[in-house]
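Comments concern the structure below.
Sequence positions, counted from 1, serve as the residue numbers for this chain.
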Amino acid sequence: MLAALAGLLVAWAGDVGGLEGGPGYLMLASVLLAVGLVGSTRDISLAEVRAHLGTVLLAVTVGVVAKAALIAAVMMLVFGDPAFLVLGVAVAQIDPLAVAAMSRPDRTSARARSILSIWASFDDPITVLLTVYVSALALDLSGGGGGALAGAISDRPLDLLLDLLANVAFAVGAWLLWRLLRAAGLRDDAPRPRVRTALNWLAVALLIALVLFAAWQFLMLGVALAGLFFRPRLGPVVGRSTQAAYLVATFLLGLLLVHGVDIVPGVVLGLAAVAAQLVVSLPISRGLPTADRRYLAWGQQNGITAVILALVLERDFPGTVGIVATAIVVINITHALATAVLDRRLPDGPGNAPPGPDADPTGPPRMRDGPATRTLEPER
């Protein structure tokens with residue numbers, strides 16, 4: 001909020017007219033998006049991906065497409081403007097930073113937390129790809145011609161297939177680089193610490209180059225896949241870089257909010273996104289405990305990806321920032337209220353939810369009050 005307010009104050013104090021049309025604007029937004037994608041996929045455990053592969057694939061493919069379609073349908077029915085199609089895609093994803101903040105062990109089981117975390121991390125690149133093609137469709141329907149974002153890809157009939165192949169080729173190239181570094185001695189058990197340190201710095205430089213190249217060519221799915229395995233030792237740098245990207249993006253959003261906000265479309269967009277999550281979560285959360293299903297159903301949150309996509313789309317669809325910013329506020333307030341209600345419905349109150357199948361039966365005991373005496377009993 002402070003970053004957005006700072007951007008708004010700077011915009012009021014100076015002239016930022018035409019900022020989104022500047023030569024470096026789209027590149028900066030793409031770099032911020034690539035940094036966010038690497039940060040969201042870097043901490044994913046490949047073992048967790050394999051354990052929930054079917055559910056995750058359903059969530060990030062059918063789930064994302066269905067959510068975007070539902071939200072876009074609502075916006076079209078209410079407002080009838082083809083440009084509003086892109087708004088449904090911009091908020092269809094779940095923000096991994098917000099999900100990390102709400103994934104408390106006393107709320108959901110380890111399985112549900114894993115599914116939601118991987119879902120939030122991998123729906124971002126799928127959403128970005130959808131945004132590219134839906135923006136081109138919306139521009140055609142509204143008679144606007146090709147835009148800056150649509151121009152990031154080829155305009156031939158096999159656009160989607162070619163773009164997917166380019167992303168896969170990028171990811172394969174990054175994997176080969178990583179294998180070479182590992183073979184040269186970038187392993188934890190490597191016998192030469194100095195060589196390992198030097199190779200780690202080289203890997204860091206290569207990762208930066210990969211992020212910049214992916215931003216330049218808009219290969220967001222490829223850079224997200226690279227984040228799964230291209231992991232030099234960076235300590236807290238990745239987390240801080242992602243947070244810094246979020247702050248910069250929010251500052252830019254504040255700059256563009258000087259043009260005003262559009263309350264009614266923003267509120268409708270936010271409520272449509274929440275409703276779409278409720279619908280899509282039903283088949284994805286099938287088989288999970290009731291508490292997990294409820295938290296997943298109300299798990300829609302938006303942050304860095306929605307902010308940056310709004311920045312990218314503002315160039316072709318003026319007013320997007322004002323609508324998406326309002327929708328983000330509506331979505332996150334709705335999530336906070338729903339989570340508070342769900343917390344109160346836990347059997348023993350927040351913090352004392354019954355342990356799921358993943359709980360440790362030998363964990364620390366807790367105090368329980370009996371009718372006459374207070375005894376120390378282990379959890380079951």
Side-chain angles (χ1 to χ4, degrees), residues 1-14 16-22 25-26 28-30 32-33 36 67-68 71-72 74-75 78-79 81 83-99 101 120 124 127-128 131 134-135 138 148-149 242-277 300-337:
M1 295 299 293
L2 289 175
L5 179 60
L8 186 58
L9 291 175
V10 169
W12 276 337
V16 296
L19 171 67
E20 63 275 14
Y25 177 84
L26 185 60
L28 175 59
S30 299
L32 294 174
L33 188 55
K67 282 175 65 176
I71 301 170
V74 171
M75 298 300 290
V78 175
F79 300 102
D81 188 348
F84 281 10
L85 287 172
V86 298
L87 299 178
V89 186
V91 297
Q93 92 297 136
I94 304 175
D95 179 49
L97 295 180
V99 167
D124 284 0
T127 302
V128 171
T131 302
V134 173
S135 65
L149 184 58
T242 306
Q243 291 287 355
Y246 195 2
L247 290 175
V248 172
T250 311
F251 177 80
L252 292 174
L253 183 111
L255 288 176
L256 296 177
L257 282 178
V258 73
H259 302 307
V261 296
D262 210 344
I263 300 296
V264 174
V267 172
V268 173
L269 178 62
L271 295 178
V274 173
Q277 173 69 17
Q300 180 67 30
Q301 299 169 86
N302 286 114
I304 182 171
T305 307
V307 168
I308 298 175
L309 285 177
L311 296 177
V312 173
L313 290 169
E314 180 70 20
R315 188 165 182 172
D316 296 332
F317 303 94
T320 299
V321 163
I323 297 175
V324 172
T326 304
I328 291 174
V329 174
V330 172
I331 290 167
N332 290 349
I333 288 177
T334 303
H335 171 265
L337 293 175

Review point. To the nearest 0.5 Å, what is the distance between CG (L269) and CE (M75)?
Key: 5.0 Å
Practice item. Taking all heavy atoms of L255 and all of A11, pick out the closest pair and write down the distance. Key: O-CB, 3.4 Å
Review point. When rounded to the nearest 0.5 angstrom, what distance separates CG in D262 from CD1 in I323?
Key: 5.0 Å
Point to revise | For L337, all residues meeting side-chain contact (heavy atoms from CB on, under 4.5 Å), sequence neighbours excluded | key: I333
Point to revise | side-chain contact (heavy atoms from CB on, under 4.5 Å) partner of V89, chosen from T127, L313, L309 | key: T127
Revision key, fill the gap. Hits for side-chain contact (heavy atoms from CB on, under 4.5 Å) against I263, two or more places apart or cross-chain, chain-then-number order -> V261, V267, T326
Check your understanding: At their closest point, which heavy atom of L253 faces which heavy atom of A325, and how far apart are they?
Key -> CD2-CB, 4.1 Å
Review point. Roughly how far, to the nearest 0.5 Å, is the CG atom of L5 from the CH2 atom of W12?
Key: 7.5 Å
**Study point:** Minimum heavy-atom distance between A272 and I71, given as atom pair plus value
**Key:** O-CG1, 3.8 Å
Check your understanding: Taking only residues two or more places apart in sequence, or in another chain, which ones meet A4 in a side-chain contact (heavy atoms from CB on, under 4.5 Å)?
Key -> T250
Review point. Is there a side chain to side chain contact (heavy atoms under 4.5 Å, CB included) between F251 and V248 once you walk through the steps?
Key: CA-CA 5 Å; F251 177 80; V248 172; 5.6 Å; no
Practice item. Sequence neighbours left out, what passes side chain to side chain donor-acceptor pair (under 3.5 Å) with Q277? Give chain and number order. Key: K67
Point to revise | Pairwise distance CD1(I94) to NE2(H335) - rounded to 0.5 angstrom | key: 9.0 Å
Check your understanding: Do you know which two heavy atoms are closest between A273 and V91, and how far apart they sit?
Key -> CB-CG2, 4.0 Å
Point to revise | A249: side-chain contact (heavy atoms from CB on, under 4.5 Å) partners, not counting sequence neighbours | key: L32, V307, I308, L311
Revision key, fill the gap. Correct closest heavy-atom pair for G322 and L257 would be CA-CD2, 4.1 Å
Study note, to complete from the structure: For F317 and S135, the nearest pair of non-hydrogen atoms, with its separation, is CZ-O, 3.6 Å
